[in-house]
Amino acid sequence: MEHLIELANATKRFPNGKGGIHTAIRDVTLTVEPGQFVAVVGPTGCGKSTTLSLISGLQPPSVGTVKVNGKDVDGVPDGVGYMFQADAMLPWRSVLANVAAGPIWRGVEKSQARDRARDWIARVGLEGFEGYYMHQLSGGMRKRVALAQTLVNEPSILLMDEPFSALDVQTRALMQQELLRLWAGTNAAVVFVTHDLEEAIVLADRVVVMTASPARIKAVYDVGLSRPRDVEELRITTEFIDVYRSIWSSLSAEVDIARKVPSRVA
């Protein structure tokens, strides 16, 4: 059976700048299917983002294999959208121009690309802001633009590297709800890296716990909470608290290890 995403014994090593080698992740084996939402949690600097880099083709594995749609990843695979922690918008371009840029780059005729961009700008709740520039928007609005910019290309795989970490608590919850609303029914697979275990649980079908650096997969938990979800209401349910306790018992041990051995943190 071919999986949409498959990492098999993937290891990634980097020069550490001191003449040695830093191992970011080691022997990571993970599969993701279409329509699955997988969250990855672990201590700071353990290698969570490196996992996304391997899936996206931005970095090759040092050992092991990474496949998307059954093919070895060699460059950026078709159908991958990547939403980074920092904005990836061009400040001299308007909201409309930023969102339309991806389809135009992929060969879509300009007027069609702009029509598609307008549709997604409306979907993320920013209709009327098409002519605004990035410095005129709040942090939450910029994240909505980033979502539209990523989803306008209709990716089959959505990679998200702590995209909401810089937002305040209220705006972050709103963006989590927006992400679930926009993702629902797309059949896109999502791999979402976060330090926030609550965020991982309210969003994901599965939560992957990684060890302190060099990261390995310690455990994979099925969240088992029904959809659709109200992220604010879900957090106070008994079911959510039970899942949180179960995963935290595994994650907290790795956080303690990373704290006691700060040299592990890249």
Side-chain angles (χ1 to χ4, degrees), residues 1-14 22-86 88 102 105-106 146-147 149-165 179-180 182-183 186-196 199-200 203-211 213-223 266:
M1 176 182 175
E2 289 185 352
H3 307 281
L4 180 59
I5 301 170
E6 182 177 9
L7 287 80
N9 301 311
T11 296
K12 182 61 183 177
R13 304 186 185 101
F14 298 96
H22 169 69
T23 301
I25 65 171
R26 176 183 292 160
D27 297 329
V28 169
T29 296
L30 177 68
T31 60
V32 182
E33 309 306 332
Q36 277 192 335
F37 199 124
V38 176
V40 181
V41 297
T44 299
C46 75
K48 301 183 294 297
S49 298
T50 300
T51 304
L52 296 188
S53 295
L54 298 187
I55 297 170
S56 68
L58 296 178
Q59 295 283 347
S62 304
V63 178
T65 60
V66 180
K67 295 184 178 183
V68 169
N69 278 317
K71 299 178 181 178
D72 289 331
V73 173
D74 181 16
V76 179
D78 291 337
V80 171
Y82 205 137
M83 189 169 170
F84 298 91
Q85 184 174 358
W105 183 78
R106 287 168 171 80
L147 267 178
Q149 184 186 45
T150 305
L151 295 174
V152 71
N153 297 308
E154 299 179 351
S156 58
I157 297 172
L158 183 56
L159 306 178
M160 309 188 78
D161 192 357
E162 298 196 72
F164 308 142
S165 62
L179 173 59
L180 291 180
L182 295 166
W183 166 72
T186 65
N187 204 40
V190 181
V191 184
F192 189 104
V193 164
T194 179
H195 283 100
D196 186 337
E199 180 172 63
L203 293 176
D205 302 307
R206 290 192 294 152
V207 176
V208 176
V209 176
M210 303 196 87
T211 66
S213 180
R216 294 172 291 104
I217 292 180
K218 180 178 184 180
V220 180
Y221 293 85
D222 290 321
V223 172

Side-chain donor or acceptor of K48 paired with backbone N/O of P43 under 3.5 Å
yes

Quick one: are V191 and V32 in side-chain contact, heavy atoms under 4.5 Å?
yes

Taking the side chain as C-beta and beyond, is there a heavy-atom pair between F164 and M83 under 4.5 Å?
yes

Run the side-chain contact (heavy atoms from CB on, under 4.5 Å) test on H22 and S213 for me, step by step, so that the C-alpha distance in whole Å, both residues' side-chain angles and the decisive distance to 0.1 Å come before the verdict.
CA-CA 9 Å; H22 169 69; S213 180; 3.6 Å; yes

From S53 OG over to Y82 OH, what is the distance, rounded to the nearest 0.5 angstrom?
4.0 Å

Heavy-atom donor-acceptor pair, K12 side chain to P60 backbone, under 3.5 Å:
yes

Could you tell me if the side chain of L180 sits less than 4.5 Å from the side chain of L203, heavy atoms only?
yes

So CD1 of I55 and CD1 of I157: to nearest 0.5 Å the spacing works out to 7.5 Å

Just by modelled atom types, is the D27 backbone N or O under 3.5 Å from a matching donor or acceptor in the T11 side chain?
yes

Nearest 0.5 Å please: distance from the CD atom of Q59 over to the OG1 atom of T50.
7.5 Å

Atom CZ of residue position R216 - does it have more than 12 heavy atoms of other residues, nucleotides or ligands inside 6.0 Å?
no

How close do Q149 and A88 get, heavy atom to heavy atom, and via which atoms?
NE2-O, 3.6 Å

How long is the gap from CD on E33 to CZ on R206, to the nearest 0.5 Å?
7.5 Å

Is a side-chain donor or acceptor of S62 paired with a backbone partner of R13 at a separation under 3.5 angstrom?
yes

Does V190 reach the side chain of V38, with side-chain heavy atoms less than 4.5 Å apart?
no

Correct closest heavy-atom pair for P77 and S56 would be CD-O, 3.3 Å

Working note: V28 + M210, criterion side-chain contact (heavy atoms from CB on, under 4.5 Å); need CA distance, chi angles, decisive distance, verdict.
CA-CA 9 Å; V28 169; M210 303 196 87; 3.9 Å; yes

Should we say atom CG of D78 is surrounded by more than 12 heavy atoms from elsewhere, each under 6.0 Å from it?
no

On a heavy-atom basis, which atom in L54 and which in A10 lie closest, and how many Å separate them?
CD1-CB, 4.2 Å

Please list, chain by chain and in numerical order, all residues satisfying side chain to side chain donor-acceptor pair (under 3.5 Å) with T23, sequence neighbours excluded.
none

Closest heavy-atom pair and its distance - A24, F14
CB-CE1, 3.7 Å

The reported gap from CZ in F37 to CG in L158 (rounded to nearest 0.5 angstrom) is 7.5 Å

Between CG of L30 and CD1 of I25, what distance do you get to the nearest 0.5 Å?
10.0 Å

Does any N or O in the side chain of D161 come within less than 3.5 Å of the main-chain N or O of Q85, such that one atom is a donor and the other an acceptor?
no

Could you walk me through whether V76 and L58 pass the side-chain contact (heavy atoms from CB on, under 4.5 Å) check?
CA-CA 7 Å; V76 179; L58 296 178; 4.2 Å; yes

Contact between V209 and V41 at the side-chain level, heavy atoms closer than 4.5 Å - yes or no?
yes

Which pair of non-hydrogen atoms, one from T31 and one from Q36, has the smallest distance, and what is that distance?
O-OE1, 4.4 Å

When you compare the side chain of T150 with that of M160, does any pair of heavy atoms fall below 4.5 Å?
no

Looking only at non-hydrogen atoms, find the nearest pair between A215 and C46 and report the distance.
CB-O, 2.8 Å

